[in-house]
> 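The structure that follows is given in the form of structure tokens.
All chains are named by letter (A, B, ...) in the order of the sequence lines, taking the proteins before the strands, and each is independently numbered beginning at 1.
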2 protein chains.
Amino acid sequence: MARKRFDDSSCSVARALNEVGDWWSLLVVLHAMYGTRRFVDFQQELGIARNILCDRLARLVDNEVLKKVDVGEHGSRFEYRLTEKGRDLFPIVIALRQWGDKWNPAPDQPALDLRDRATGRPIRQVAVQNADGDSLTVRDVFVRDDEVSDTPKDKKQVG
Amino acid sequence: MARKRFDDSSCSVARALNEVGDWWSLLVVLHAMYGTRRFVDFQQELGIARNILCDRLARLVDNEVLKKVDVGEHGSRFEYRLTEKGRDLFPIVIALRQWGDKWNPAPDQPALDLRDRATGRPIRQVAVQNADGDSLTVRDVFVRDDEVSDTPKDKKQVG
DNA sequence: CTAATAGGGTTGCATTTTAAAACCAGATTA
DNA sequence: TAATCTGGTTTTAAAATGCAACCCTATTAG
């Protein structure tokens, strides 16, 4: 049967995954972040089937992660560019990269060394932080429980 | 045809997505983070098909994101618990939640209010930061290019 | 002690998705 | 004007998904 979707889920993680949680979408966004804009370039860099790429690009455009821009001179020629919403996926992509580098390092080559353009110094590990900037683990957080819920058992869930 | 996998990709984002980049895996991890440990509980909370849940749990165990613990008294009874590798997905899950809350807020209910257990104050927005703790956008970073590569065109890629 | 039920799956089947390759029409370049 | 590039759509076969039914082993109620 069809893949289950979470458009209307009350969980914002599920709703986020609904837009960028498939095998290709985040890789498309990643390549867009380092400059790829054209259909053929995505296709060649990712090695993705053309029909799947079509579908993913269209969905990302529908969800306003990318915008499709006609840059043709005498006709139509398209570019796919990140929107602010798409650029806002940066921490997620970098966190995934750091997790991958830490737990599944490539045997042959070193991890990509990302640096601050302004200072030339390496970026930090992406982390959940408290107001003071201290890193927090999953055990250090709780859910503030303002409102009355009809489903009391959901109240303490992190998700 | 078979879904394409990225086990041996040189891109650590692709390798990460290979382990947790499908529709269900990160939701399983999320629920594990707020305490779910039993097969039936995952199944009911997520509304996932049992065979798919089986498959996902097994893969997460294979990838050492979860460990399967026999907690039976007189026989076998299992729990699935996060490993350190799994707990290390916390920033990714939280970043996804924040992105979902920001760009696809639930119409009816407010976003989950996560707080530091120690201080009671809200957590920060997950961000990519430089050494000083300043937030960086995708345009603020570059790839430090130490080593000589056989494929020069890859050298400046963020991904 | 026995019956009933909960836990943790596996199997079979119909439906979707995916990958790969072929094909196509409108720009662009030689 | 022909060849090629761009950005797709179509076709086909393999794989993944969802659902329901089934199964065996604990645990619990009586």
> Hey, is the main chain of B/Ile123 close enough, under 3.5 Å, to the side chain of A/Asn130 for a donor-acceptor pair?
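No.
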> In whole angstrom, what separates B/Gln43's CD from D/dG18's P?
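Going from CD in B/Gln43 over to P in D/dG18 covers 12 Å.
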> Go along nucleotides 4-12 of chain D 5' to 3' and tag each nucleotide: B for a protein heavy atom under 4.0 Å from its base, S when only backbone or sugar atoms are that close, - otherwise.
--SBBBBB-
> Using the test side chain to side chain donor-acceptor pair (under 3.5 Å), find all partners of A/Thr119 that sit at least two apart in sequence or belong to another chain.
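For A/Thr119, the residues satisfying side chain to side chain donor-acceptor pair (under 3.5 Å) (neighbours in sequence not counted) are A/Asp116.
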> Nearest whole angstrom, please: distance from the P of C/dG9 to the CG of B/Asp70.
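So the two atoms are 10 Å apart, to the nearest Å.
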> Apply side chain to side chain contact (heavy atoms under 4.5 Å, CB included) to B/Ser10 and list each qualifying residue two or more places apart in sequence or on a separate chain.
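Checked B/Ser10 against side chain to side chain contact (heavy atoms under 4.5 Å, CB included); matches are A/Gln109.
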> Between B/Leu53 (CG) and D/dA16 (P), how many Å, whole number?
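Going from CG in B/Leu53 over to P in D/dA16 covers 17 Å.
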> Mind running a 4.0 Å heavy-atom check of residues 17-27 of chain B against DNA chain D and sending the residues that fall below it, in number order?
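Those residues whose heavy atoms fall under 4.0 Å from DNA chain D, taken from residues 17-27 of chain B in numerical order, are B/Trp24.
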> Who pairs with A/Thr83 by side chain to side chain donor-acceptor pair (under 3.5 Å), at least two apart in sequence or on another chain?
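Scan of A/Thr83 (side chain to side chain donor-acceptor pair (under 3.5 Å), adjacent residues dropped) gives none.
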> Report the residues that fulfil salt bridge (charged side-chain N to carboxylate O under 4.0 Å, His left out) with A/Glu79, sequence neighbours left out, ordered by chain and then residue number.
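Salt bridge (charged side-chain N to carboxylate O under 4.0 Å, His left out) check on A/Glu79 returns A/Arg37, A/Arg81.
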> Check side chain to side chain donor-acceptor pair (under 3.5 Å) between A/Asn104 and all other residues, then give those that pass, not counting sequence neighbours.
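B/Glu19, B/Lys85.
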> Using a heavy-atom cut-off of 4.0 Å across all strands, would you classify A/Arg56 as base, sugar-phosphate, or nothing?
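A/Arg56: backbone/sugar contact only, no base atoms under 4.0 Å.
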> Restricting to nitrogen or oxygen on both sides, can you table the protein-nucleotides 2-5 of chain C pairs closer than 3.5 Å?
none

> We want to know whether A/Ser12 and B/Asp101 form a side-chain donor-acceptor pair, criterion being a heavy-atom distance below 3.5 angstrom.
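There is such a pair (donor and acceptor under 3.5 Å, judged by atom type) between the side chains of A/Ser12 and B/Asp101.
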> CG of B/Asp55 versus C1' of C/dG8: gap in Å, rounded?
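Roughly 15 Å, once rounded to whole Å.
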> Quick check on DNA chain C: between A/Arg3 and A/Ile48, whose nearest nucleotide comes earlier from the 5' end?
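Nearest-nucleotide comparison on DNA chain C picks A/Arg3.
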> Could you state the atom-to-atom distance from CD1 of A/Ile52 to C1' of D/dA16 in whole Å?
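Rounded to the whole Å, the gap is 13 Å.
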> Please enumerate all residues that pass ring-ring contact (aromatic ring centres under 6.0 Å, His included) together with A/Tyr80, with sequence neighbours excluded.
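Applying ring-ring contact (aromatic ring centres under 6.0 Å, His included) to A/Tyr80 gives none.
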> Should B/Cys11 and A/Leu30 count as side-chain neighbours, where that means a heavy-atom distance under 4.5 Å?
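Yes, side chains in contact.
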> Are the side chains of B/Met33 and B/Leu82 in touch, meaning some heavy atoms are under 4.5 Å apart?
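Side chain of B/Met33 against side chain of B/Leu82, heavy atoms only: contact under 4.5 Å found.
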> Between A/Lys4 and C/dT16, is there a side-chain N or O to OP1/OP2 distance below 4.0 Å?
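So the side chain of A/Lys4 is outside the cut-off, no N or O lying under 4.0 Å from OP1 or OP2 of C/dT16.
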> Per the end-axis method with five pairs at each terminus, what is the bend angle of the helix from C/dC1-D/dG30 to C/dA30-D/dT1, to 10°?
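Both end axes considered, the difference amounts to 20°.
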> B/Phe6 vs A/Trp24 aromatic rings, parallel, tilted or perpendicular, using cut-offs 30° and 60°?
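Perpendicular.
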> B/Thr137: what forms a side chain to side chain contact (heavy atoms under 4.5 Å, CB included) with it, not counting sequence neighbours?
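B/Thr137: side chain to side chain contact (heavy atoms under 4.5 Å, CB included) contacts with B/Arg139, B/Asp140.
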> Which side-chain N or O atoms in residues 50-57 of chain A pair as donor and acceptor under 3.5 Å with protein atoms at least two apart or in another chain?
{"unit_1": "A/Arg50", "atom_1": "NH1", "unit_2": "A/Gln43", "atom_2": "OE1", "d": "3.1"}
{"unit_1": "A/Arg56", "atom_1": "NE", "unit_2": "A/Asp22", "atom_2": "OD2", "d": "2.5"}
{"unit_1": "A/Arg56", "atom_1": "NH2", "unit_2": "A/Asp22", "atom_2": "OD2", "d": "3.3"}

